[in-house]
Protein chains: 2
Amino acid sequence: MEGTGRNSGRLSPMAEPLGQFASLHLELSSTVDRVAAELRRAVFDGELESGTPLREVALAASLGVSRPTVREALTVLVAEGLATREPNRGVAVSTPDPGSVRDICRARLVLEGAGVRRWRDADEQHKDAVRTALVRYTTAVRSGGSYQELNERHLAFHVSLVGLNDSPRLTAMAESLMVELKLALAQVDRLRRNAHDQADSHTALVMLLERGDIDGASEFLRRHLEDAENSIIQALGLV
Amino acid sequence: MEGTGRNSGRLSPMAEPLGQFASLHLELSSTVDRVAAELRRAVFDGELESGTPLREVALAASLGVSRPTVREALTVLVAEGLATREPNRGVAVSTPDPGSVRDICRARLVLEGAGVRRWRDADEQHKDAVRTALVRYTTAVRSGGSYQELNERHLAFHVSLVGLNDSPRLTAMAESLMVELKLALAQVDRLRRNAHDQADSHTALVMLLERGDIDGASEFLRRHLEDAENSIIQALGLV
DNA sequence: AGATGACAGATTGTCGGACAATCTGACAGT
DNA sequence: ACTGTCAGATTGTCCGACAATCTGTCATCT
């Protein structure tokens, strides 16, 4: 019934210049996306504590949208792991427990470790992404960026390590893990000091890589993640 | 407040006997889940070819449910990677291209390889899961199981390798990759012969592991996945 | 007293219909 | 040949409604 195997239906019948206008890019966002983004922001900013039930009607009234829209946004949040749905009982902000933090860090080690071990064979493009992410993190640290921004840059660096694998799916998984990790970090908001002294640690990691010491970098990363895991779990215990 | 994942949210305020009734388990499934399952089945069985648009009203009428329910099921499918949503244009069954197959296999190598390298330190429980998965696959091959069943057992074995990492999230990621892979395999349905000769290959892999030759098993897995990748991509080209 | 059963309130799951915004394709106009 | 316009189809979003389920309270029975 449909036209046979056309690879992708473009908008216009024109030949798609692609040379000109290549940089143009319109960001069309649905209402659901905006609601989900707002909820994410509220969770990360600590406005919604862990365990808070997210009532559909209340949210719909507050945000000025309908209940189905809120519902869809909530399923997005649940899929991301930021919230948990119990059948017939509704959705609530997830409570990060030590077990999941351990799990997340273990998964990170697998993804990031694989990236680090591929440093030699990685595209120059992805190596540059790591260097750039490092610079952006360290400058943010030195210029005294906000807690949110430091976290963002910090985790972006780790994601860039996964990017060395040159696999969009692995990178997407890493980003998903970072979202969950940000939730855990939002819980231990008060103990935010450990973000600073990690800049040097990351620089050392990249220097090991540039020197070609893959095994050293790998081991360094392992310890680095282990430390992060322990400090987060310890901080969680104090909440 | 929270249990660990599985046994959360019990019904009654009673003390939870747990000794008795431990095996009881009521499968409460929402309509959305059933619709999503039906769509998945149809995709894997080849009833819905790749690229087929999934119209909301038509599906709602066919399945005898309302449009919002279908909509939610479709977002589930999209989140799983089985379908693709283009804004204002609807949802269609994903078309696996060589690029994503390559990506999936590369990601698999990272996850499964990490599991294999942890064989020594892995829990006996997870090692047994690998052995069981192998047995179930080989017996299915010998007893001439259906194509669907062979695929299922085959991929389950690979997931069990990821299970050696002892990380629920990594396992979930692997399962998600396998779902996408099943979609690609459903496309090359006619060339299903390569499922047979891989049973020996898997047995050899486990034997290497049992012998403690981790490096050998690791390299073996790399080549095994590379072969799979090439044969799937080649088969895709013939469609 | 302790357990059982009934009931109201609240919340979700699902439904049907409705309307605006957008895309597609064809047709007419310059 | 390019542009403007319009009808049809489809999605995105909204509203209102109802049944099913969970929670907590209270009355009832042994």
Side-chain angles (χ1 to χ4, degrees), chain A residues 1-4 6-17 20 26-39 48 51-79 83-93, chain B residues 1-3 7-17 26-39 51-79 83-93:
Chain A
M1 202 157 172
E2 291 295 316
T4 53
R6 173 199 358 258
N7 28 12
S8 71
R10 277 316 184 191
L11 311 164
S12 85
M14 302 175 71
E16 243 198 277
Q20 216 174 358
L26 183 54
E27 206 71 41
L28 63 95
S29 67
S30 72
T31 307
V32 172
D33 288 338
R34 271 168 293 159
V35 171
E38 173 66 6
L39 289 178
L48 295 175
T52 308
L54 301 174
R55 304 291 174 206
E56 299 179 355
V57 280
L59 286 175
S62 286
L63 297 172
V65 298
S66 76
R67 192 159 81 96
T69 304
V70 170
R71 231 181 124 74
E72 276 196 53
L74 288 181
T75 66
V76 172
L77 270 279
V78 170
T84 309
R85 157 167 283 146
E86 288 183 83
N88 292 319
R89 297 201 43 186
V91 176
V93 180
Chain B
M1 195 157 161
E2 299 289 322
N7 30 3
S8 60
R10 277 317 184 189
L11 311 162
S12 86
M14 302 175 71
E16 249 201 272
L26 183 54
E27 205 69 41
L28 62 97
S29 66
S30 71
T31 306
V32 173
D33 288 338
R34 271 168 295 163
V35 171
E38 173 66 7
L39 288 177
T52 307
L54 302 174
R55 304 291 174 209
E56 299 180 354
V57 280
L59 286 174
S62 285
L63 296 171
V65 298
S66 75
R67 194 159 80 96
T69 304
V70 170
R71 229 181 125 74
E72 276 194 54
L74 288 181
T75 66
V76 172
L77 270 279
V78 169
T84 309
R85 157 166 283 145
E86 285 183 86
N88 292 318
R89 298 202 42 187
V91 176
V93 180

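A note on names: the letters A, B, ... follow the listed sequences, proteins ahead of strands, and every chain is numbered from 1. Note that the structure is predicted; figures quoted are calculated from it, not measured.
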Below the 4.0 Å mark, does D:dT13 have OP1 or OP2 next to a side-chain nitrogen or oxygen of A:Thr31? yes
How far does OG1 of A:Thr69 sit from CG of A:Asp33, to the nearest 0.5 angstrom? 11.0 Å
Rounded to the Å, how far apart are B:Arg55 CZ and C:dT24 P? 11 Å
Roughly, in whole Å, what's the span from CD in A:Glu56 to C1' in D:dG16? 15 Å
Measuring to OP1 and OP2 of D:dG12, would you say a side-chain N or O of B:Arg71 lies under 4.0 angstrom away? yes
State, yes or no, whether a side-chain contact exists between B:Leu39 and B:Leu74 at a heavy-atom distance under 4.5 Å. yes
Phosphate oxygens OP1/OP2 of C:dT24: is one of them under 4.0 Å from a side-chain N or O of B:Arg89? yes
Interatomic distance, B:Glu72 CD vs C:dT14 C1' [rounded to whole Å]: 9 Å
Student check: side-chain heavy atoms of B:Val65 and B:Val35 closer than 4.5 Å: yes
A:Glu86 CD to D:dA20 P: how many Å, rounded? 22 Å
Rounding to a whole Å, what distance do you find between A:Arg67:CZ and D:dA17:C1'? 10 Å
Under 4.0 angstrom between A:Thr69 side-chain N/O and D:dG12 OP1 or OP2: no
So, do B:Arg85 and B:Thr75 sit near enough that their side-chain heavy atoms are less than 4.5 Å apart? yes
Spacing of B:Asn88 atom CG relative to D:dT13 atom P, expressed in whole Å: 8 Å
